[in-house]
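Each chain gets a letter, A, B and so on, in the order the sequences are listed, and its residues count up from 1. Just so we're clear, the structure is a prediction, and the values are computed from it rather than from any experiment.
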4 protein chains.
Amino acid sequence: MSTSQGSTGEPRRSRGRPRTPGAEQRIIDAALEEYGEHGWSGFTMDGVARRAGVGKSTVYLRWQDKDALLTDAVSASSDTLGNVDTGSLRGDLRALAVNLFRHYRDPAGWAGLRVVIDAAGAPEQLGGFTQAVTEVQVDWVVQMAERAVARGELAADYPPVEMGQCIYGSVIVQTLTRRLDGRTLTDEEIETRASALVDLVLDGATT
Amino acid sequence: MSTSQGSTGEPRRSRGRPRTPGAEQRIIDAALEEYGEHGWSGFTMDGVARRAGVGKSTVYLRWQDKDALLTDAVSASSDTLGNVDTGSLRGDLRALAVNLFRHYRDPAGWAGLRVVIDAAGAPEQLGGFTQAVTEVQVDWVVQMAERAVARGELAADYPPVEMGQCIYGSVIVQTLTRRLDGRTLTDEEIETRASALVDLVLDGATT
Amino acid sequence: MSTSQGSTGEPRRSRGRPRTPGAEQRIIDAALEEYGEHGWSGFTMDGVARRAGVGKSTVYLRWQDKDALLTDAVSASSDTLGNVDTGSLRGDLRALAVNLFRHYRDPAGWAGLRVVIDAAGAPEQLGGFTQAVTEVQVDWVVQMAERAVARGELAADYPPVEMGQCIYGSVIVQTLTRRLDGRTLTDEEIETRASALVDLVLDGATT
Amino acid sequence: MSTSQGSTGEPRRSRGRPRTPGAEQRIIDAALEEYGEHGWSGFTMDGVARRAGVGKSTVYLRWQDKDALLTDAVSASSDTLGNVDTGSLRGDLRALAVNLFRHYRDPAGWAGLRVVIDAAGAPEQLGGFTQAVTEVQVDWVVQMAERAVARGELAADYPPVEMGQCIYGSVIVQTLTRRLDGRTLTDEEIETRASALVDLVLDGATT
DNA sequence: AATTAATCGAGACGGTACGTCGGGTCTTATG
DNA sequence: CATAAGACCCGACGTACCGTCTCGATTAATT
């Protein structure tokens, strides 16, 4: 997901001094912390560099600009949200919803949402990123649904994409609403809401 | 929704030169156009003032800062989204979903979403606004559901807030995804998706 | 000599807010002080702006870059060096030499010399400036010599430009040499050296 | 004159890879060319290293910093300026003046002047260098004068230092002025000016 | 009619952050 | 070991924008 290097396991060593190993991660961590503390306006490249104990040029050597850094920092923390397999569709969806609630509860996850919105507003520049974040998350639901179909829990012709969108979107809206009064959801609330959400999506409102 | 003055139809004339009548609207239009063309990073107050043919002080006389202007410009276009009454719950929800899709399809509505995200990230500053935008939209669903309960379409104990969150959120996620490849949804697609979404919410996935 | 405005007494008022009157001078003073304290490497635009109590944009609104500011600041302090008229050629030249010695003794004057050297190295960019500083100073000697010719002190056909170059140059070289051991010339030394210099130029070495 | 190592012809071989033979000279040449083309502001160590086809560390291995490199590059070409003996004082001085004119005409010599100015501005760091360049040059005049005294051309009590300063300084000022219009002196002009200068210094203006 | 006061366009102002660049140091793989 | 390459930290550069301010010029409502 990183902008800075291809994932091809190229063992080729370049000539000069190699890039400091820990720097990448230290910068990303610093970026998330800075964003969490100061919000978007107050998120400074100088601040990130200082907190990471790194020169600004070291940051700009790896990321093109502020957006690219935040983008990368943010997508690093949303990779494993959907890696669940509880044996039942309802269980899988509940676990996913809980993970999503927790992810968007903390500033890093929230920052990701901000970046996604930006990216969608300027798709020619950041298009690839949003795909990585958004569609991947919807995809997990598709995989869960396929397992459910294989188990006979779900009709084969049911399009699961809409379910994913509902769950993903509902979590966002609820987090949005909940952040307004300055507080965030407790773990118990998250469990309750996740169950209600999944029940609605699976059983419908008119049952 | 304007920040600058109460809506009380006060006919009282102040002493000095009255504010130029068209200015308010010209500025809002300019703001939406600038945002639509350049996105957030590229949306500058100087740019808005120049495009509106107005001095910067004229803008700052009416809005406190950049956020307030964008907020106002944006929320002016989202007031009537839920004013529908088709006689059936399914029809109401479909109409609402269609309106939401259309709203978030153009840059003005999209900008609103960004402002909401920002506001939620800094609730102490912009909290009031997000309430106006977010909860109001969910509220419409509540009213629709109440009418449906009165008509006997829906069980009285069913909590409609989740339905609103699902619909609202799903539209957001779908718009997000759709903006990625540089194109937006056609009206036909919107109709199809709105129906599918409402069916899912009303009937559930496991029917 | 200022880069920022023509000297034509144009009473025409421009439209916006007029430039703060004292700013120009405050910035120049700050520049000379900063240069005097920290030298060239250590002479910072941020430092100048801060010391002058002024934003950086205010500085860059008036001067194109660092060089232009230092150039202007420096040439402002060398305008009256040759305004002397003692009644005799020898007296005039002595007064000029004393003034030059004193001028190059303090950091502001010295900075001017550096700028002149730079300018001569890149004449396409700063050519006009060096003329203002260098040739004007030589010119003073020409005027002194003309007065001397009118008084009958000097042969009419004697080219005075060489005299000016000798005096100007000798002061530079002596100041150069003297700054090496970390100390500068006292006023008495200046008087002595000025006399010796003028005597040499007027009477020659082989008298 | 190199900063990096004594000139003692030590035939002792050190242990590792020997220094690339041509590097020293290639770097010096590159430095002079870079200075000649871009002037002081535009003279960068990266540029020198690249032009010399050498790593930056190779440069810093031999010279302590930018000043040291330029200093060295520059002083290599000013060693033999005063090695003249024509048999008469007037002839010696003329030859010296001609050499000086020629020296300061090309960028290398000019760069030396710039370095001298810098050095005088920060004597604690570069003091030794300026002495080497400045006083040595004045010294030549002293030696010429001593020979002249021995020949009976000059009164024994006449202080020759002032003569040297006059000649040295006048050449600088004239070169300064001449570089302004983008052109430099021709050899004929140099001869003429050298003669006029020496005549002034030897015979005085009031003869 | 004269006065008063709010608003207007324009643009300078003090700040702050941007992304770039250069200096001088450090750390590798390669001779 | 020395070298070449180039990443590293630092800090200044010149630019852009924010939100404020100060002008002269309008434009009513009030004297």
Chemist: Enter the distance from C:Ile27:CD1 to C:Gln25:CD here, rounded to the nearest 0.5 Å.
Modeler: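 The CD atom of C:Gln25 is 10.0 Å from CD1 of C:Ile27, to the nearest 0.5 Å.
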
Chemist: Give a yes/no answer on whether the side chain of B:Arg19 brings an N or O atom under 4.0 Å of OP1 or OP2 in E:dT7.
Modeler: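 So the side-chain polar atoms of B:Arg19 do come within 4.0 Å of the phosphate oxygens OP1 or OP2 of E:dT7, strictly under.
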
Chemist: Distance from A:Leu113 atom CG to B:Leu113 atom CG, nearest 0.5 Å?
Modeler: 7.5 Å

Chemist: Are B:Trp63 and B:Met45 packed together at the side-chain level, in the sense that at least one heavy-atom pair is separated by less than 4.5 angstrom?
Modeler: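 No; the side chains remain at least 4.5 Å from each other.
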
Chemist: In this structure, how many angstroms lie between the C1' atom of F:dC9 and the CZ atom of A:Arg51, rounded?
Modeler: 19 Å

Chemist: To the nearest angstrom, how far is D:Leu61 atom CG from F:dC1 atom P?
Modeler: 14 Å

Chemist: Going by side chain to side chain contact (heavy atoms under 4.5 Å, CB included), name the residues that satisfy it together with B:Ala31, two or more places apart in sequence or in a different chain.
Modeler: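 Expected list: B:Phe43, B:Val48, B:Leu69, B:Ala73.
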
Chemist: B:Ala111: which residues meet the side chain to side chain contact (heavy atoms under 4.5 Å, CB included) condition with it, sequence neighbours left out?
Modeler: B:Tyr35, B:Leu70, B:Val74

Chemist: Could you provide the dot-bracket string of DNA chain E, using ( ) for intrastrand pairs, [ ] for crossing pairs and | for bases paired to another strand, with Watson-Crick or G-U pairs below 3.5 Å?
Modeler: |||||||||||||||||||||||||||||||

Chemist: Holding to side chain to side chain contact (heavy atoms under 4.5 Å, CB included), I want the full list of residues that pass it with C:Arg50, two or more places apart in sequence or in another chain.
Modeler: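 Partners of C:Arg50 under the side chain to side chain contact (heavy atoms under 4.5 Å, CB included) test: C:Asp46.
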
Chemist: Does A:Arg62 put a side-chain nitrogen or oxygen below 4.0 Å from OP1 or OP2 of F:dC8?
Modeler: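 For F:dC8, OP1/OP2 do have a side-chain N/O of A:Arg62 under 4.0 Å.
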
Chemist: B:Gly42 or D:Ala23: which one's nearest nucleotide on DNA chain F is closer to the 5' end?
Modeler: D:Ala23

Chemist: Starting at CZ of C:Arg62, measure out to CD of C:Glu24 and round the result to the nearest 0.5 Å.
Modeler: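 Going from the CZ atom of C:Arg62 to the CD atom of C:Glu24 covers 4.5 Å.
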
Chemist: Would you mind reading off the distance between C:Arg15 atom CZ and F:dT26 atom P, rounded to a whole angstrom?
Modeler: 8 Å

Chemist: Excluding sequence neighbours, so at least two apart, what forms side chain to side chain contact (heavy atoms under 4.5 Å, CB included) with B:Glu37?
Modeler: B:Arg51

Chemist: Rounded to the nearest Å, what distance is computed from the NE2 atom of residue C:His38 to the P atom of nucleotide F:dG11?
Modeler: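 These atoms are roughly 15 Å apart.
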
Chemist: Below the 4.0 Å mark, does F:dA4 have OP1 or OP2 next to a side-chain nitrogen or oxygen of D:Arg50?
Modeler: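 Looking at the OP1 and OP2 atoms of F:dA4, neither is under 4.0 Å from any side-chain N or O of D:Arg50.
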
Chemist: Which pair of non-hydrogen atoms, one from B:Trp40 and one from B:Asp67, has the smallest distance, and what is that distance?
Modeler: CH2-OD1, 3.6 Å

Chemist: Rounded to whole Å, please give me the gap between CD1 in A:Ile27 and C1' in F:dC9.
Modeler: 12 Å

Chemist: Along nucleotides 21-27 of chain E, 5' to 3', which nucleotides get a B, which get an S, and which get a -, given that the test is a protein heavy-atom distance under 4.0 Å?
Modeler: -SSBBBB

Chemist: Can you find a side chain N or O atom of B:Thr58 that sits less than 4.0 Å from OP1 or OP2 on E:dG9?
Modeler: yes

